[in-house]
Amino acid sequence: MSMFSLSTDAQAQPFKGEQIDPDVTSGHLTHLTPDQQNAFAAFKDIIAKAQLYSPQRPHPVHDEPSLLRFLRARRFDPQKAYKQFADAEAWRKKHNVDALYATFPVDEFERARRFYPRWTGRRDKNGLPVYVYRIASLSGPLQKELNSVPPERRYQRIVALYETMTRFVLRLCTHLPHHTAPTPISSVTTIIDLDQCTLPTLWSLRSHLQEASALATANYPETLSTIAVVNSPSFFPTVWNWIKPWFDEGTRRKVHVLGKDPGPTLRTLIDPKDLPKPYGGDLDWAYEDEPALDDAAKSVIGEMPKGPVVFEDGEVRRPTAPPDSTDTPSTGNP
């Protein structure tokens, strides 16, 4: 499931006074059942024998929280998780992801953020980062700019932003105090805002959203926790019929359609001080703004860094390309 996408299934109508209380510990480190621990050990043994994973010198994206995401995506079936992991590793090699991220131009990276879900700089009550995607912001000139980017480069931008989410944002939030610690933070909470969004706008963006969804489902599994669709228009069921085939049943269950007054429900998941005002909170933050880091994050990193970064050993660092990487493709236009 992509953080750049919309979906819902059983919850096709707005909630009224409901509470959102996702299970963010089952199947995660420090909360594995004996059977899950055995499956995890078997999975690591399989990918090690396939020379896709080295316990002694793991690749930066092969930390245990990341490996567990593949296993959870396949309901702790080691063989099925191995198949998806092997495919994702082949995809990373084909697209030279490590070098792409390490060499991605800072200015282009910052421009690319405008087209995709943005981190508010805040976290929900479980410590998960809160992202917002305001679809109407992609209409008009911004949509024309997005369409002018060559498809290959647009794809690379999505990859770079997912690398930031998994290698910087999630790891930073794991480092920060959260009530489920020491369980790592490995997914995000996303608010999809459909305010002032027209049917033609969504229709014109369908291939863009589907592209991002397919990329994430295959290569960044289980990175979404709750998805809250707010300000949903009357035509939302039509939109759902378009995109329903993109997602599995487990993903569809994560979506809550909250309608025009999402505040009461969202405040059960996100503290008012960390929830933007347009969605019923007290945080003075709009979609176009930079992340408004909370005090805990500021004490660790100071301010939000620009461009591609990773969070390692309690520090913000620039990613480094492996020595055997080939040159990355040329940059896009806008």
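Everything numeric in this text was worked out from a predicted model, so none of it was measured.
Among residues two or more places apart in sequence or in another chain, the salt bridge (charged side-chain N to carboxylate O under 4.0 Å, His left out) test is passed with Arg69 by none. Under the salt bridge (charged side-chain N to carboxylate O under 4.0 Å, His left out) criterion, Asp45 pairs with Lys49, not counting sequence neighbours. For Thr30, the side chain to side chain contact (heavy atoms under 4.5 Å, CB included) test picks out Pro182, Thr183, with sequence neighbours left out. Under the ring pair (Phe, Tyr, Trp, His ring centres under 6.0 Å) criterion, Phe104 pairs with no residue at all, not counting sequence neighbours. A search for salt bridge (charged side-chain N to carboxylate O under 4.0 Å, His left out) contacts involving Asp289 returns nothing, not counting sequence neighbours. The ring pair (Phe, Tyr, Trp, His ring centres under 6.0 Å) check on Tyr155 picks up His95, with sequence neighbours excluded. For Asp284, there are no salt bridge (charged side-chain N to carboxylate O under 4.0 Å, His left out) partners, not counting sequence neighbours.
Minimum interatomic distance between Ile158 and Ala212 (heavy atoms only, all atoms of both residues): CD1-CB, 4.0 Å. Across every non-hydrogen atom of Pro177 and Arg123, the tightest pair is O-NH1, 2.8 Å. What you find for Thr198 and Phe235 is that their closest heavy atoms are C-CZ, 3.6 Å. Nearest heavy-atom pair across Pro221 and Ala73 is CB-CB, 3.7 Å. Across Pro129 and Ser187, no two heavy atoms sit closer than the pair CD-O, 3.6 Å. Between Pro233 and Cys197, the closest heavy-atom pair is CG-O, 4.5 Å.
Residues Leu142 and Phe115 are in side-chain contact: their nearest non-hydrogen atoms beyond the backbone lie under 4.5 Å apart. Side-chain contact between Thr174 and Ile185 is present, with heavy atoms from C-beta onward closer than 4.5 Å. Asp77 places a side-chain heavy atom less than 4.5 Å from the side chain of Gln79. Between Val310 and Pro60, the closest side-chain pair of non-hydrogen atoms is not below 4.5 Å. With a 4.5 Å cut-off on side-chain heavy atoms, Glu163 and Tyr220 count as touching. With contacts defined as side-chain heavy-atom distances shorter than 4.5 Å, the pair Leu138/Tyr133 qualifies. Side-chain contact between Tyr116 and Leu146 is present, with heavy atoms from C-beta onward closer than 4.5 Å. Side-chain atoms of Tyr279 and Val130, non-hydrogen and from C-beta on, never get closer than 4.5 Å to each other.
One finds a salt bridge joining Arg114 and Glu145 here, because a Lys/Arg side-chain nitrogen approaches an Asp/Glu carboxylate oxygen to under 4.0 Å. Looking at Glu108 and Arg111, no side-chain N of the basic residue comes within less than 4.0 Å of a carboxylate O on the acidic one, giving no salt bridge. Checked for salt-bridge contact, Lys254 and Glu222 meet the test: a charged N lies under 4.0 Å from a carboxylate O.
A side-chain donor-acceptor contact under 3.5 Å links Asp294 to the backbone of Ala296. Although no hydrogens or angles enter the test, the distance criterion places a donor-acceptor pair under 3.5 Å between the side chain of Thr268 and the main chain of Thr265. Not a single donor-acceptor pair under 3.5 Å links the side chain of Arg267 to the backbone N or O of Pro272. Using a distance-only test at 3.5 Å, with no hydrogens or angles considered, a donor-acceptor pair links the side chain of Asp23 to the main chain of Thr25. Distance alone, capped at 3.5 Å, is enough to place a donor-acceptor pair between the Asp124 side chain and the Leu128 backbone. In this structure a side-chain-to-backbone donor-acceptor pair under 3.5 Å is missing from Tyr162 to Arg157. Side-chain atoms of Asn219 come within 3.5 Å of backbone N or O of Leu215 as a donor-acceptor pair.
To the nearest 0.5 Å, atoms CD (Glu152) and CD (Gln156) are separated by 5.0 Å. Atom CD1 of Ile191 sits about 8.5 Å away from atom CG of Leu258, to the nearest 0.5 Å. Going from atom CG of Leu194 over to atom CD1 of Ile135 covers 6.5 Å, rounded to the nearest 0.5 Å. For the atom pair Arg171 CZ and Thr166 OG1, the distance stands at 7.0 Å (nearest 0.5 Å). The line from CE of Met304 to CG of Leu293 is 7.0 Å long, rounded to the nearest 0.5 Å. The CG atom of Asp271 sits 12.5 Å away from atom CG of Leu266, with the distance rounded to the nearest 0.5 Å.
In this model, a donor atom of one side chain and an acceptor atom of the other lie less than 3.5 Å apart for Ser186 and Arg72.
Listed by first and then second residue, the side-chain hydrogen bond (donor to acceptor under 3.5 Å, both in side chains) pairs involving residues 58-67 are Lys44-Glu64, His59-Asp98, His62-Glu89, Asp63-Ser66 (not counting sequence neighbours). The stretch residues 296-313 participates, sequence neighbours left out, in these salt bridge (charged side-chain N to carboxylate O under 4.0 Å, His left out) pairs: Glu290-Lys306, Glu312-Arg317, Asp313-Arg317. For residues 169-203, every residue pair satisfying the ring pair (Phe, Tyr, Trp, His ring centres under 6.0 Å) rule, not counting sequence neighbours, is listed here: His175-Phe311, Trp203-Trp242.
Applying the under-4.5 Å side-chain rule to Ile, Leu, Val, Met, Phe, Trp and Tyr, the cluster around Val61 consists of that residue alone. When hydrophobic side chains of Ile, Leu, Val, Met, Phe, Trp and Tyr are connected at separations under 4.5 Å, Tyr82 ends up clustered with Leu29, Leu32, Phe40, Phe43, Ile46, Ile47, Leu52, Tyr53, Leu67, Leu68, Phe70, Leu71, Phe76, Phe85.
Each of Val188, Ile192, Thr120 was evaluated against Tyr131; a single residue qualifies, Val188, per the side chain to side chain contact (heavy atoms under 4.5 Å, CB included) test.
One hydrophobic cluster holds both Val300 and Trp119 under the rule that ILVMFWY side chains link at heavy-atom gaps under 4.5 Å.
Within a 6.0 Å sphere centred on NZ of Lys125, heavy atoms belonging to other residues, nucleotides or ligands number more than 12. Heavy atoms from other residues, nucleotides or ligands lying under 6.0 Å from CD of Glu288 number more than 12.
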* side-chain contact (heavy atoms from CB on, under 4.5 Å) evaluation trace for Arg122 with Trp285 -> CA-CA 10 Å; Arg122 299 303 174 97; Trp285 184 90; over 6 Å; no

* What do the steps show when you test Arg74 against Gln84 for side-chain contact (heavy atoms from CB on, under 4.5 Å), and what is the final call? -> CA-CA 8 Å; Arg74 291 297 172 254; Gln84 182 171 1; 3.2 Å; yes

